[in-house]
Trainee: 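Mind having a look at this structure? Questions to follow.
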Amino acid sequence: MDSKPYTFDIKLPGGIPDHYDNHIERRLSSMRGQFLDQKAYSERLAREDTLLYEVYEFKRPEIAGELLHGISIVHPGKVGNEYYMTKGHFHTVLETAEVYYCLQGQGYMVMETPEGEWSVEPLRPGSVLYVPPRWAHRSVNTALDGDLVTFFIYPGDAGHDYGTIESQGYRKLVMDTPAGASIVDNPRWKSPEERHA
Ligand code: F6R
Ligand code: ZN
């Protein structure tokens, strides 16, 4: 792979880089079991396989020393009362961190350790979020009228573990309530003790 320095431009509003190597689209069908309101999920999916978020990636070797980077765009909307969100993941190499820089929109990063410690940090244009090693992360778009656009950067050898979150969910959910966007307990979440019982 070419190892010469390069630049790219991110035009705002929008957030799509002027060039990139890979474009990923994640639709409702890839989020089975993730949204709390499963009836709303199935009804929506029967109508259309909605595009929830997109990622524009720059390809680099997936090795220590490299930094993988790109743009994540979560579209606005809800399934039931739960805002559109990314699948979320742990890094396969748990001891690897990530930095997110919010360029546009508003939302939260929902994070959790394997031990069940949790944190939910706001994302606003200009916020820089440091996700330390060991913390699973999911971005949630709480603005119903525009995209949540973030730039991300993480170690080349991190890898992605989606399965753990797919099976256990997150401890906290971000829901639209009469009081606005609220962080609530996930009734389906199981503590590490319950999981191993
Ligand atoms: C990479 C990373 C982001 C996400 C992106 C989509 O480690 O955290 O690039 O991959 O925001 O979310 P997921 O990967 O959870 O579908
Ligand atoms: Zn990550």
Side-chain angles (χ1 to χ4, degrees), residues 8 10 14-17 20-35 41 49-77 79 82-114 118-125 127-143 147-174 186:
F8 55 90
I10 302 162
I16 300 174
Y20 50 85
D21 297 318
N22 197 25
H23 175 213
I24 299 164
E25 291 186 336
R26 287 260 208 262
R27 294 180 180 275
L28 199 62
S29 55
S30 68
M31 299 280 282
R32 190 171 295 281
Q34 292 297 300
F35 289 98
Y41 176 87
D49 194 5
T50 313
L51 179 62
L52 301 183
Y53 63 98
E54 302 179 65
V55 180
Y56 294 89
E57 290 180 330
F58 292 82
K59 279 276 175 234
R60 298 299 312 164
E62 296 185 7
I63 55 172
E66 287 282 350
L67 293 170
L68 301 177
H69 52 283
I71 294 285
S72 166
I73 302 179
V74 185
H75 296 305
V79 173
E82 194 171 4
Y83 298 102
Y84 288 0
M85 58 193 181
T86 61
K87 288 173 118 166
H89 55 262
F90 286 96
H91 290 164
T92 313
V93 179
L94 205 53
E95 300 297 336
T96 52
E98 183 153 352
V99 169
Y100 279 83
Y101 179 42
C102 181
L103 300 168
Q104 181 186 313
Q106 60 177 24
Y108 288 103
M109 190 69 78
V110 179
M111 292 165 284
E112 185 169 323
T113 66
W118 65 273
S119 173
V120 178
E121 289 291 327
L123 294 169
R124 299 276 181 280
S127 337
V128 179
L129 170 74
Y130 182 66
V131 182
R134 302 180 61 76
W135 287 79
H137 38 286
R138 154 180 287 168
S139 35
V140 181
N141 181 358
T142 56
D147 290 337
L148 174 67
V149 181
T150 51
F151 173 75
F152 59 81
I153 182 159
Y154 63 101
D157 60 340
H160 294 107
D161 162 18
Y162 290 101
T164 305
I165 292 299
E166 267 164 16
S167 61
Q168 78 192 34
Y170 276 86
R171 186 167 190 164
K172 297 289 170 178
L173 306 176
V174 185
N186 178 1

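Both counts, for ligands and for their atoms, begin at 1 and track the order of listing.
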Trainee: Less than 4.0 Å between a side-chain N and a carboxylate O, is that true for R60 and E62?
Mentor: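 Not counted as a salt bridge, because no side-chain N and carboxylate O are separated by less than 4.0 Å.
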Trainee: According to the interplanar angle, ranging from 0 to 90°, do the rings of F8 and H69 count as parallel (below 30°), tilted (30 to 60°) or perpendicular (above 60°)?
Mentor: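 The arrangement is parallel - the two ring planes meet at less than 30°.
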Trainee: Counting C-beta onward and ignoring hydrogens, is there a side-chain heavy-atom pair between Y170 and I165 closer than 4.5 Å?
Mentor: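 SC-SC contact between Y170 and I165 confirmed.
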Trainee: Got N141 and H75 here, is their nearest side-chain heavy-atom distance under 4.5 Å?
Mentor: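 Sidechains of H75 and N141: no contact.
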Trainee: Listing residue and atom name, which protein N/O/S atoms are closer to the Zn ion (ligand 2) than 2.8 Å?
Mentor: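 Hits for the Zn ion (ligand 2) below 2.8 Å: H89 NE2, H91 NE2, E98 OE1, H137 NE2.
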Trainee: Consider side-chain contact (heavy atoms from CB on, under 4.5 Å). Of R27, R26, M31, which one does S29 pass it with?
Mentor: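 Among R27, R26, M31, the one meeting side-chain contact (heavy atoms from CB on, under 4.5 Å) with S29 is R27.
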Trainee: Which protein residues have a heavy atom under 4.0 Å from ligand 1?
Mentor: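 For ligand 1, the contacting residues are R26, Y53, V55, S72, T86, K87, G88, H89, H91, E98, Y100, H137, F152, Y154, H160, Y162.
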Trainee: Evaluate the ring planes of H89 and H160, with Trp represented by its six-membered ring, and classify them as parallel (under 30°), tilted (30 to 60°) or perpendicular (over 60°).
Mentor: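 Perpendicular, since the angle between the ring planes exceeds 60°.
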Trainee: Who pairs with Q104 by side-chain hydrogen bond (donor to acceptor under 3.5 Å, both in side chains), at least two apart in sequence or on another chain?
Mentor: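 side-chain hydrogen bond (donor to acceptor under 3.5 Å, both in side chains) list for Q104, sorted by chain: empty.
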Trainee: Sequence neighbours excluded, which residues qualify as ring pair (Phe, Tyr, Trp, His ring centres under 6.0 Å) partners of Y101?
Mentor: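 Y101: no ring pair (Phe, Tyr, Trp, His ring centres under 6.0 Å) contacts found.
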Trainee: How many angstroms lie between OG1 in T86 and CD1 in I73, if you round to the nearest 0.5 Å?
Mentor: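 If we round to the nearest 0.5 Å, T86:OG1 and I73:CD1 are 13.5 Å apart.
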